[in-house]
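To keep things clear, I will list the structure first and then write my remarks on it.
Below, chain A is the first sequence line, B the second, and so on; all start at residue 1. All heavy atoms count here, side chains included; hydrogens, waters and symmetry mates do not. Bear in mind the structure is a predicted one, so any value in this text is a computation, not a measurement.
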Amino acid sequence: MLKNTIKIFFRNLIKHPGNSLSNILGLSVGITTCILILLFVQYEFNWNTDNEKYDRIYRLQSMSDTKGAWQVDTQTGFALASEVKDKFPEIEDAAVLGEIWGEYLSSSEEKTFNEGSGYYADKNAFKIFSFNFVQGNINDALSEPYCVVITETMAKKYFPNENAYGKNLKATKNKILKVTGIIKDFPVNSDFRPDYLVSMKTLFEVTEWKDFYKLENITASIYRTFVTLKPNILKDEMNDKLKNFLDNYVSNNQKTCYLKPLSEIHLTAGEHKDAEFALYATASLAFFILILSCINFINLSTASSNLRKKEIGVRKVVGASRKTLFLQFLSESFAITFISMVLALLFAELILPYFNTIVQRQLPFNFFMNTQFILLMAAIFVVAGVLSGIYPAAYLSSFRPAEIIKSGVFNPVKNKKGFLRKSLVGFQFFVSLLLIITTIYVIKQVSLMNNKDLGFDKKNLVIVKVFGEKSDGNFSALKNELVKNNNIIDASLSSTAPFISNWGREINWEGSTASEKMNIMYNNIGYDFIDTYKMEIVKGRNFSREFSTDDKACLINETAWKQLGWDDPIGRKLDSSKYTVVGVVKDFHQFSVHSLIPPFYLTLNPEKLADNGLYSIRIKPENAEETIKYVRAQFKSFFPNAIIEASIYESILDVGTRDLWTIVEKLFSIFTVIAILIAANGLFGLVSFSTQRRTKEIGIRKVLGANSGKLYWMMSSEIVVIFVLAAVLAIPSGYYQSQMIPGAYKYQLQFIDYFLSVGLMLITALAATTYHTTKAVYTNPVKSLRYE
Amino acid sequence: MIKLLGVSKYYQNKFDKTYILRNINLEIKEGEFVSIMGPSGAGKSTLLYIIGMLDSASEGEYYFLDEQVHKMKEKRLTELHKSHIGFVFQQYHLIDELTVYENIETPLLYQKVSGSERKGKVAELLDRFNMVAKKDLFPNQLSGGQQQLAAIARAIISKPKLILADEPTGNLHSDQGKEIMQLLKKLNDEGTTIIQVTHSEENAKYGNRIIKLSDGWIEKE
């Protein structure tokens, strides 16, 4: 039986090569797309999974709620790790990590590099995250001050031709670090991916803030605390116990401790569901494309049932039951799906390198290593096989043998008017339209984010950071030297800068009750910061050298003004009456453009060079490189022994914006085109069958005097009606979908967007039908009628 | 063996019924060789297909081997017809994608006969019909007579009690036609009941009973 089925399957395949090829290729294009997109989505969902204790690792962080605005703080005080480990038996291990900023390491004069990703840590970190030591060991590597553990890549970078183990690395402030361990690099999709770890005891030696470890500073926001729970401890139960934990240490505490699973850190960083949403949207794109190609398969195999009807009739006559035939056709669909799948895997492997450049990842294609992927493939196989097989099998096996045998008339029991086929075509239109609308939405949304008014001018700014040396001078002296250059417009000093770093704290305000506090971001700025950044004062005034009291003055942003609810903010007091509000700054973005602007206040920086601030310099666009060189030289003369880092502000920004959404935008743009082509291809095939069936009718109508315009309409009207129905459904769905996207700022779809989507799809649909319709309309009727 | 009581077949249009068969009462005993005759459109083929369970009556009762066919579920119908009835058609209706051997074998596949047994049965029939040399050819490589021989081989391979033949010689020239009719006669002599639809008086002579149909009525016997 099986042999017979297989034989007839292959003979049919070879007998109608065009038909088979279009079926197989269509399906395999769909599956290929699905594989590639899902590989990406899988990769993104699997950040950090390489850690052995992945599902038990949590970041201990806090949340505070003031005046209705809650804020997540992912950093903690130093003492928290050891305290929770002491107090809670459920916690297996706890480690504190101190991020190291702006460190320069060197093994020799020419091998000096700015290192981004380093931490102060002790051996507890090794108990939580999976480290693989190549040299050195877990217990001793970080037990002494001035020890460093580096990755293999780092070892090769600093000591190319020798064993790095036991060698010294020079760090800023003349620290000498001894390499006491070499570890394997962490996989790229890890959020905790240090290049080097310096022993925690080193921090005790070098820090200027000697009280950092004390219990009273347990709510400080400086360190990272990671814990592992013992097996079978539930996160929620643990969170209940942790809820008021910090109250034991600090009076008037507003922070609630909670565990953030490592599995959620990557995608829902600031508790936004943004990235997750983007990934689900992308996965559904894959699913839709798969469905589109399955529909093509269904339509083509039912439309081409003419080719099989005699076989079906005969088989029924000689004793095949409906069930046997159903199974025969279903297994044929599965066979086609299988062939398409094998092809698709091949295509996917070939395309993957190009795909990787699109998604800016190094997705591996280790098919047999990836259990999740194998399961996924099995799922796709079953879904595609069932979707594309069930209906045609039911349809084909429903033919009444008597009618086929007797008259050769093609007249299946069900579906006399092709209702299902029309619905499927309609559904394809619907999905394609929805994808086009979504793509337009994503493109517009991303560009909205990229071109969003940040509240300041990000162009032509240079950011300078100084490491390793302090100077006694005043900033005004340095600034005077800087502005001597005609290409430098303005310069200022500040503690943080938008998108580079940010500070938050809790303050009270004039009129707040004793326990009321508000979470607010703040910055310490020089006189010229507002001008340098081209921010706008909407009320009151900027800091000014003419007011000697301005060291007690502050500016607030519009959001803070609104949240504080003051009619006239000028003259009001903040932070235990330390500061008086003198002006309001127009809202500006300090970090993600996806989130709402938080309340913000700015205080005056005394402009001492000793404070190691950030320097922002506004330059003219002409000769930027020359200007930056000049800037560097001036800084060098004020800080002769320091390391000066001067970079174009926008180049720093670009790193931040090259995020998931940009990739999702590209994926949508590319794969929606593919989806449309798949739908168009299906339509093309379907029209070819329906015109074949109507050749005689068209011939007769022509003989009776129908003109070609009427014939065109007769052939296309059905498609147009289906299209209109699909559009009527797709537009509100597209609108609804665009409203579901998380994030504070949403692009609103315009009439023109819908118009473009519908227009594009209609043109594609008509283009797909025109070839066959035209052929049918212009065929000489004598030809089509003679062979009836 | 076959008993039709008041069987009618019609197609319902919007306002009226178009009758193909009207009030057919008919009994056929085991071992008979019946010829159904009549002009085009008289309902001959429809009657044959109703008897063969490929089509169903609109009204009336149909008993096959004392079972009530008109009340049967599709599954039981398939069961009954595949084990007791063989069909032969004017257009032979062999499956184009299968060889002669495979075509003859097909009914056995649906009866779940084991591989070795199938081989034996097909070989025996090929031998009996002198078609061993042709067994690996496809239908379009055979003459009409050879195709009809293969079709008859397929019809009788599962040893049915009843063979229904719809103008079995209609597409053949006379020599081939004669050969086919003799074969049917021989099968009838061996005990198989045969019902054929035919236009030809000559072919009807091979049988022992003639039923004349006209406008859906049985005219006379």
Inset, instruction - Report the C-alpha separation of B/Ser143 and B/Gln176 in whole Å, then their side-chain angles, then the decisive distance to 0.1 Å, and conclude whether the side-chain contact (heavy atoms from CB on, under 4.5 Å) test is met. - result: CA-CA 10 Å; B/Ser143 74; B/Gln176 287 176 327; 3.5 Å; yes

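If you tally non-hydrogen atom pairs under 4.5 Å between each of B/Leu94, B/Leu48, B/Ile85 and chain A, the highest count goes to B/Leu94. Among the candidates B/Lys82, B/Glu97, B/Glu79, the residue making the largest number of heavy-atom pairs closer than 4.5 Å to chain A is B/Glu97. Taking B/Leu108, B/Ile157, B/Asp96 one by one and counting their heavy-atom pairs under 4.5 Å with chain A, the maximum is reached by B/Asp96.
Classification of the A/Phe684-A/His772 ring pair by plane angle, with boundaries at 30° and 60°, yields tilted. Relative ring orientation between B/Phe64 and B/Tyr62 is described as perpendicular, the plane-to-plane angle rising above 60° on a 0-90° scale split at 30° and 60°.
Under the 4.0 Å criterion applied to side-chain N and carboxylate O atoms, B/Glu190 and B/Arg128 are assigned as salt-bridge partners.
With hydrogens and angles ignored, the 3.5 Å screen pairs a side-chain donor or acceptor of B/Arg118 with a backbone N or O of B/Val113.
Neither the backbone nor the side chain of B/Tyr92 comes within less than 4.5 Å of any heavy atom in chain A. Neither the backbone nor the side chain of B/Leu77 comes within contact range of chain A, judged by heavy atoms closer than 4.5 Å.
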